Visitor: 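Pasting a structure below so you can have a look.
Predicted model only: the values in this text are computed from it and were never measured. Note on naming: letters A, B, ... go to the chains in the order of the sequence lines (proteins, then strands), and numbering restarts at 1 for each one.
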Protein chains: 4
Amino acid sequence: MDKAHYHGGRPRSEQARAAILNAADDLLVEVGYAAMTMKGISEKAGVSRQTVYRWWSHKAEILFEASAADAEEELATSLTGDPLDDLAAYLEALVRFLAHSPAGAAYRALLGEAQHDSAVAELLSAKDPLGDSARVVIERALGKDTLPVPLDQATALLIGPSFFWILSGRDPVQLVPRQLAEDFIRDLQSRQSR
Amino acid sequence: MDKAHYHGGRPRSEQARAAILNAADDLLVEVGYAAMTMKGISEKAGVSRQTVYRWWSHKAEILFEASAADAEEELATSLTGDPLDDLAAYLEALVRFLAHSPAGAAYRALLGEAQHDSAVAELLSAKDPLGDSARVVIERALGKDTLPVPLDQATALLIGPSFFWILSGRDPVQLVPRQLAEDFIRDLQSRQSR
Amino acid sequence: MDKAHYHGGRPRSEQARAAILNAADDLLVEVGYAAMTMKGISEKAGVSRQTVYRWWSHKAEILFEASAADAEEELATSLTGDPLDDLAAYLEALVRFLAHSPAGAAYRALLGEAQHDSAVAELLSAKDPLGDSARVVIERALGKDTLPVPLDQATALLIGPSFFWILSGRDPVQLVPRQLAEDFIRDLQSRQSR
Amino acid sequence: MDKAHYHGGRPRSEQARAAILNAADDLLVEVGYAAMTMKGISEKAGVSRQTVYRWWSHKAEILFEASAADAEEELATSLTGDPLDDLAAYLEALVRFLAHSPAGAAYRALLGEAQHDSAVAELLSAKDPLGDSARVVIERALGKDTLPVPLDQATALLIGPSFFWILSGRDPVQLVPRQLAEDFIRDLQSRQSR
DNA sequence: CTGTAAACGAGACGGTACGTCATGTCTTTTT
DNA sequence: AAAAAGACATGACGTACCGTCTCGTTTACAG
């Protein structure tokens with residue numbers, strides 16, 4: 001017996017699962033989040049509506065699962081050794097993600113929903129791609145123990161300005177990641193020296 | 001003749017207008033943004049559905065008009081003369097607005113919609129309560145001409161961390177406005193001194 | 001003002017009403033009662049599903065309204081003056097109705113539903129085309145006051161055998177209406193003479 | 001080997017068969033024919049859905065098999081020797097069956113379905129509990145050879161009025177079996193004497 | 001004081017998505 | 001081969017809101 005906990009019955013179709021996630025991804029780009037419906041997803045995936053509802057309860061849940069991997073990948077960074085370079089590279093990736101990537105659009109849509117749908121809010125707080133990636137970068141660039149601020153608050157200082165800039169609809173071209181990275185480092189240092 | 005361009009017909013009912021805006025405000029608190037519908041608003045306001053559609057095309061438009069005044073008021077600050085005090089007070093008001101005020105909930109809901117509805121995005125960019133209020137505070141606290149950074153980018157530095165903190169669902173209690181205000185001032189000073 | 005109790009609002013569309021009743025009639029013939037659905041009716045009528053549900057709650061209700069007039073007409077009889085002729089003619093019409101007419105098929109379907117759906121049962125008991133027509137015929141053929149049996153029971157004696165024959169799926173050709181009419185008259189007479 | 005044509009494999013489970021028939025019987029009483037579903041039957045019987053479909057194709061088929069024996073039993077009569085007594089007793093049993101017995105409710109439901117489902121119609125014409133029982137009673141009470149009418153038509157005369165009365169939703173209390181039996185006998189006699 | 005014309009209430013209408021349900025089939029392991 | 005388990009495609013269910021429409025009524029100013 002291969003499966004650990006077999007309880008009888010036809011096994012879940014991996015094909016259907018993939019088709020649904022792909023359909024959700026595609027629909028987000030093609031028609032936007034608002035016009036994306038459970039019905040539309042099921043039809044685009046060539047799958048019954050019931051099958052969609054069997055495994056997910058909201059379009060947000062589907063979209064989250066569909067874009068989580070992409071988000072993680074796009075926000076992952078390679079280290080250069082130089083803290084400033086690393087942080088600047090990360091902020092650049094962050095801006096690219098939020099402003100231009102499909103996965104970023106998915107994230108913004110989900111975060112938007114989360115503002116008035118607690119189910120979605122829980123989804124995001126359970127696995128937060130921005131917070132997670134930022135924590136990793138800061139730890140590796142500056143060292144975990146030398147931080148004068150709780151790690152979580154440091155992420156807010158790093159991410160906050162770019163996040164606000166893009167979410168509030170401002171032009172991402174005007175953002176200068178290197179400058180923001182410098183500010184961040186200087187800020188932490190001056191806090192430390194007090 | 002009072003009205004500038006009268007073209008005959010019954011004048012718009014101020015009573016209906018007020019009832020609709022109030023209904024929208026109330027419904028946001030009672031059922032949340034997602035469950036708020038044009039039909040629900042019209043019924044709660046005791047007004048025909050057509051009357052709502054005659055003057056507004058989305059629930060976002062109604063909500064925006066209904067909460068704009070409150071937002072402006074809640075984000076307005078009185079000056080003390082001390083820049084640090086002023087900025088800290090403003091950040092405190094900002095957090096209170098975003099995290100606890102009904103008008104702030106409306107703003108978050110609208111900003112959420114704006115992430116996937118360009119009509120709402122335009123609405124917000126046309127009159128941006130956060131940006132406007134922050135610009136005013138920074139100008140008055142630090143002086144317009146001494147800023148080493150474009151005013152708009154300064155607002156992002158000031159607002160960004162708190163904005164991200166709350167929008168991403170983190171606990172607003174952990175925010176320390178005075179600390180953030182200090183950081184902001186120190187940041188601008190060190191930029192200047194280079 | 002034309003309408004007796006106008007309470008505002010767009011008036012009901014007579015066109016939609018007629019289209020729905022026609023669609024129901026047609027569908028019964030084309031696909032049969034079981035395969036007839038509310039959705040199918042609305043689509044065939046070129047009408048929204050909500051419009052159907054606004055005025056009727058079951059397909060049985062629609063079918064009843066659609067076929068009631070036809071049933072009444074097909075079971076109406078013209079008098080000849082001779083009781084035997086009249087009753088025989090009526091039974092002939094009854095058999096034709098039950099066994100061959102579309103309206104009769106509708107009636108049989110409804111009566112079938114009534115056996116396990118009390119809502120349909122009420123519908124039929126409120127306006128019973130068989131009972132009504134039979135009562136009229138018996139009254140006019142034999143006189144209301146000379147009956148030795150309650151009128152209702154007389155209708156059962158007259159109608160019963162043919163009704164059972166057809167409903168139980170037997171061949172209507174083997175029914176001899178004139179013979180049944182004779183039996184009925186003889187029966188009443190012999191009851192009277194006791 | 002016991003079975004005549006054994007072809008290997010697991011034998012049919014008698015337990016499952018009985019559970020299904022019982023479940024059908026129970027469900028008819030509990031929820032009525034309309035709300036009775038194949039799914040419901042299988043769940044109530046604690047049996048896989050496939051097992052139900054393997055042996056029966058409609059709920060009508062199951063219900064028929066489940067109630068046939070009961071019907072036969074309830075409509076069987078013991079002879080007293082007196083034709084009038086025998087026929088009256090039979091009619092009484094018939095009314096009790098149609099109006100009050102669960103098996104009778106099953107029969108009415110099936111006959112209802114038969115009006116718009118030819119598969120069910122065939123089922124009933126293949127084994128007709130009413131016709132069969134009536135034929136037996138008439139033969140034994142009046143003698144097979146002295147009948148002036150084909151036996152089948154005689155059953156219609158005997159059963160028809162009660163059948164119509166109950167199927168059309170009238171109150172069974174108002175039926176007087178003895179009276180109807182008298183009518184039936186008198187009718188046949190007067191036909192004979194012509 | 002009488003038109004005229006837009007605002008308003010009421011509510012019907014065609015659409016479309018919702019989430020659920022039962023259908024009958026299938027795929028898997030177990031008996 | 002039969003059976004339990006349960007996933008699957010299909011398609012109707014009845015409901016909700018959408019935005020539009022068509023009525024009769026109301027309310028202002030203009031002539």
Visitor: Got a donor-acceptor pair under 3.5 Å from the side chain of Arg10(B) to the base of dA7(E)?
Guide: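 Check passes, donor-acceptor contact within cut-off.
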
Visitor: When the distance from OH of Tyr53(B) to C1' of dG11(E) is rounded to whole Å, what number comes out?
Guide: 14 Å

Visitor: Do Leu27(C) and Tyr33(C) have side-chain heavy atoms sitting under 4.5 Å apart?
Guide: no

Visitor: Could you tell me the separation between the CD1 atom of Ile20(C) and the C1' atom of dG14(E), rounded to a whole number of Å?
Guide: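 Going from Ile20(C) (CD1) to dG14(E) (C1'), I get 12 Å.
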
Visitor: Think Ser48(D) has a side-chain N or O under 4.0 angstrom from the OP1 or OP2 of dG6(F)?
Guide: no

Visitor: Under 4.0 Å: is that the gap between some side-chain N or O of Trp55(B) and OP1 or OP2 of dA6(E)?
Guide: no

Visitor: When only distance counts, do a donor and an acceptor, one from the side chain of Gln50(D) and one from the base of dC26(E), lie under 3.5 Å apart?
Guide: yes

Visitor: Would you say dA5(F) has OP1 or OP2 under 4.0 Å from some side-chain N or O of Arg49(D)?
Guide: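 No, because none of the side-chain N or O atoms of Arg49(D) sits under 4.0 Å from OP1 or OP2 of dA5(F).
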
Visitor: Evaluate the side-chain proximity of Ile62(D) to Trp55(D): yes if any heavy-atom separation is below 4.5 Å, no if none is.
Guide: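 Side-chain contact under 4.5 Å: no.
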
Visitor: In this structure, how many angstroms lie between the P atom of dC13(F) and the NZ atom of Lys59(C), rounded?
Guide: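 Computing the Lys59(C):NZ to dC13(F):P distance gives 8 Å.
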
Visitor: Rounded to whole Å, how long is the line connecting atom CH2 of Trp56(A) with atom P of dA7(F)?
Guide: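 Rounded to whole Å, this separation is 13 Å.
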
Visitor: CD of Glu14(A) versus C1' of dA7(F): gap in Å, rounded?
Guide: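 Glu14(A) atom CD is separated from dA7(F) atom C1' by 14 Å.
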
Visitor: Pick the nucleotide of DNA chain F nearest each of Gly9(A) and Ser13(A); which residue has the one closer to the 5' end?
Guide: Gly9(A)

Visitor: Are the side chains of Trp56(B) and Leu21(B) in touch, meaning some heavy atoms are under 4.5 Å apart?
Guide: yes

Visitor: Other residues, nucleotides and ligands only: do more than 12 of their heavy atoms fall within 6.0 Å of CD on Glu30(D)?
Guide: yes

Visitor: Does the Thr51(C) side chain pair with the main chain of Val47(C), one donor and one acceptor, at a distance under 3.5 Å?
Guide: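 No, Thr51(C) side chain to Val47(C) backbone: no donor-acceptor pair under 3.5 Å.
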
Visitor: Can you name the side-chain contact (heavy atoms from CB on, under 4.5 Å) partners of Gln50(D), sequence neighbours left out?
Guide: Ser48(D), Arg54(D)

Visitor: Any side-chain N or O of Thr51(A) below 4.0 angstrom from OP1/OP2 of dA9(F)?
Guide: yes

Visitor: Which whole-number value in Å describes the distance from Arg17(D) CZ to dA2(F) P?
Guide: 16 Å

Visitor: Which comes earlier along DNA chain E counting from the 5' end, the contact point of Ala16(B) or that of Ser57(D), where each point is its nearest nucleotide?
Guide: Ala16(B)

Visitor: Please report, rounded to the nearest Å, how far the P atom of dA28(F) is from the CD atom of Gln15(B).
Guide: 11 Å

Visitor: Taking only heavy atoms on the protein side, list every residue of residues 33-44 of chain D lying under 4.0 Å from any atom of DNA chain E, sorted numerically.
Guide: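 Here the set is Thr37(D), Met38(D), Lys39(D).
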
Visitor: Please check if any side-chain donor atom of Glu61(A) sits under 3.5 Å from a side-chain acceptor atom of Ser57(A), or the reverse.
Guide: yes

